[in-house]
Amino acid sequence: MPASSSLRLIVADRDEASRQAADLLAGVLRTESPVLGLATGSSVEAVYEELAILVSGDPELQSGVSRAQAFALDEYIGLPPDDANSYRATLLRQFAEPVGLAPDHLHLPSPQAVAAAYDDEIARAGGIRLQLLGIGSNGHIGFNEPGSLLNSRTRLVDLDERTRRDNARFFGALDAVPMQAITQGIGTILNAATLVVLAFGSAKAEALTAAILGPVTPDLPASALQHHPDVIVLADEEASRMLRPGG
Ligand code: GLP
C-alpha cells in the first residue's frame, strides 16, 4: 500500500496530459501570488507550449504571469549560463519567452550562492504552489539521484551515469554532459503545495510503478511522492501500464 492515499493517477496521451498540466499551472496564475516550480526535460516541453497558448488569449492569465515567480528544480554545474543546454537558457527559451515571464522572475539554484539559500528564496516568495516534475528512468526527481536523503535540501550533487546517458541526447555526446548539478532536495520538493508529475513512454514504466507502489526508499527518490498529500501523476499508457489492471 502506498503511504499516501492522495496520489491521483490520470492516464492520458502526451497532448492531453500536457493540456491538463497547463490548466493546473493556469489555475495557479489566477491566484494573487503565483509561485510556480518548473522542471526541464522532454516530459514538460509541451506543457509550456500549451500554457503559452492559454496565456496568449487571456488577459487575466497575462496579469497572473506579471505577478508570478518561477523557481527551477535544478541546474547543471559547469555550463555557461548562456549555453543552450543550461536549464536557465532552456527555461528562458521554453517557458519565460513564450509565456511572457520577465527573466528576473525566473530563479535557478546557483553554484555562486550557498545552495541552501535557494530554499530560503523559495520560502520568502511564499512557497511553491505547484511543482512540475518529470521522473528519471532511475527514479530520480530533480537531480536527486538514488541514495539521496528523503529530507535533503537544495545542494550540489554528482550525476548518476544513467542520468548522464539519458541526457546525452541533448548534448550530442556523453562526454559533453556535466558531471554535477545543483538540485532542489527531496525535502524542498515535498514542501510545494501540489506536485504534478509527468511520465511518458515505456522507459519510465518501471520507475513510475516503483515510485507509486514500492517502498519509500532513498534508492528510488520518486518514492518520496508517497509522503506528499497532493500529487497528480499524468502518465501515458506506456508509462502507466504496470499500474493498471491487466498491465
Ligand atoms: C532530468 C531532469 C529532471 C527531469 C528528468 C526527466 O534529468 N533533471 O528534472 O524531470 O530528468 O527528464 P525527461 O523529461 O527528459 O525524460
Side-chain angles (χ1 to χ4, degrees), residues 13-15 17-18 21-22 25 36-50 70-79 83-91 93-95 106-111 115 118 128 130-148 152 154-172 174 176-186 188-190 192 195-208 210-211 220-225 231-236 238-240:
D13 66 26
R14 185 189 287 261
D15 289 350
S18 303
L25 287 170
L36 305 176
L38 304 180
T40 38
S42 38
S43 309
V44 293
E45 274 177 42
V47 177
Y48 301 148
E49 287 167 19
E50 292 292 341
F71 289 88
L73 262 182
D74 45 18
E75 177 60 296
Y76 288 114
I77 296 286
L79 295 178
D83 186 298
N85 277 313
S86 79
Y87 284 172
R88 177 177 295 283
T90 303
L91 286 170
R93 191 171 65 241
Q94 294 181 356
F95 182 88
L106 174 66
H107 311 275
L108 287 98
S110 127
Y118 196 58
I128 291 172
L130 188 159
Q131 176 68 57
L132 276 189
L133 291 169
I135 180 169
S137 64
N138 64 355
H140 75 209
I141 46 174
F143 273 133
N144 292 284
E145 302 288 22
S148 299
S152 49
T154 301
R155 70 205 186 288
L156 187 76
V157 293
D158 293 332
L159 295 179
D160 223 46
E161 263 318 291
R162 186 158 170 191
T163 298
R164 294 186 64 246
R165 278 202 308 275
D166 284 351
N167 289 359
R169 69 189 191 283
F170 295 112
F171 289 84
L174 181 58
V177 184
M179 306 292 283
Q180 289 188 310
I182 185 163
T183 183
Q184 281 189 34
I186 298 175
T188 315
I189 292 169
L190 293 182
L195 304 178
V196 176
V197 186
L198 292 111
F200 305 116
S202 53
K204 302 293 174 73
E206 215 173 296
L208 186 66
L220 197 103
S223 64
L225 298 174
V231 183
I232 300 168
V233 177
L234 291 156
D236 66 4
E238 289 78 15
S240 62

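Ligands are counted one by one from 1 in listed order, and the atoms in each one are counted from 1 as well. Computation of the quantities below employed the complete heavy-atom set of this structure, encompassing side-chain atoms and omitting hydrogens, waters and symmetry-equivalent molecules. Remember, predicted model here, so these are calculated numbers, not experimental data.
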Other residues, nucleotides, ligands: >12 heavy atoms within 6.0 Å of E206 CD
no
Please write down residue, atom name and distance for the protein heavy atom closest to atom 8 (N) of ligand 1.
D74 OD2, 2.8 Å
Of all protein heavy atoms, the one nearest atom 16 (O) of ligand 1 is K204 NZ, 2.6 Å
Hey, is the main chain of S137 close enough, under 3.5 Å, to the side chain of R162 for a donor-acceptor pair?
yes
Proximal atoms of ligand 1 relative to F143 (non-hydrogen, under 4.0 Å):
7 (O), 8 (N)
For the side chain of R88 and the backbone of E75, is there at least one donor-acceptor N/O pair under 3.5 Å apart?
no
For N167, take its heavy atoms, then give the atoms of ligand 1 lying under 4.0 Å from any of them.
1 (C), 7 (O)
Please identify which atoms of ligand 1 are closer than 4.0 Å to at least one heavy atom of L73.
9 (O)
Report yes or no: does T183 contribute a side-chain atom to a donor-acceptor pair with the main-chain N or O of D74 at less than 3.5 Å?
no
Per-atom filter on ligand 1: closer than 4.0 angstrom to a heavy atom of S42 are 13 (P), 14 (O), 15 (O), 16 (O)
Hey, could you give me the CG/CG distance between L36 and L132, rounded to the nearest 0.5 Å?
8.0 Å
Heavy atom of the protein closest to atom 4 (C) of ligand 1 (residue, atom name, distance)
T40 O, 3.4 Å
Under 4.0 Å from a heavy atom of H140: give me the atoms of ligand 1 that qualify, with their elements.
1 (C), 5 (C), 7 (O), 11 (O)
So the atoms of ligand 1 within less than 4.0 Å of a heavy atom of G41 turn out to be 14 (O), 15 (O)
How does Y87 reach ligand 1, if at all, at less than 4.0 Å between non-hydrogen atoms: by side chain, backbone, both, or neither?
side chain
Does I135 come within less than 4.0 Å of ligand 1, judged by its heavy atoms?
yes
When distances are taken from atom 14 (O) of ligand 1, the protein heavy atom at minimum range is S43 OG, 2.5 Å
For the residue pair T40 and L73, establish whether any side-chain heavy-atom pair is separated by less than 4.5 Å.
no
Under 4.0 Å from ligand 1, counting heavy atoms only, is it the side chain of E45, its backbone, both or neither?
neither
Below 4.0 Å, non-hydrogen atoms only: which portion of I141 touches ligand 1? Side chain, backbone, both or neither.
neither
Side chains of N138 and E145, heavy atoms from C-beta outward: is any pair under 4.5 Å?
yes
Just so I know, are the side chains of L38 and Y87 near enough to count as touching, which here means a heavy-atom distance under 4.5 Å?
no
Determine, considering heavy atoms only, which of A181, G142, A39, A207 sits nearest to atom 3 (C) of ligand 1.
G142
Which atoms of ligand 1 have any heavy atom of G134 under 4.0 Å away?
10 (O)
Would the distance check show the side chain of R164 and the main-chain N or O of L174 forming a donor-acceptor pair, the cut-off being under 3.5 Å?
yes
Between F170 and Y76, is the gap from one ring center to the other below 6.0 Å?
no
Is the shortest N/O to N/O distance between R169 and ligand 1 below 3.5 Å?
yes
Do V196 and V47 touch side chain to side chain, with heavy atoms closer than 4.5 Å?
no
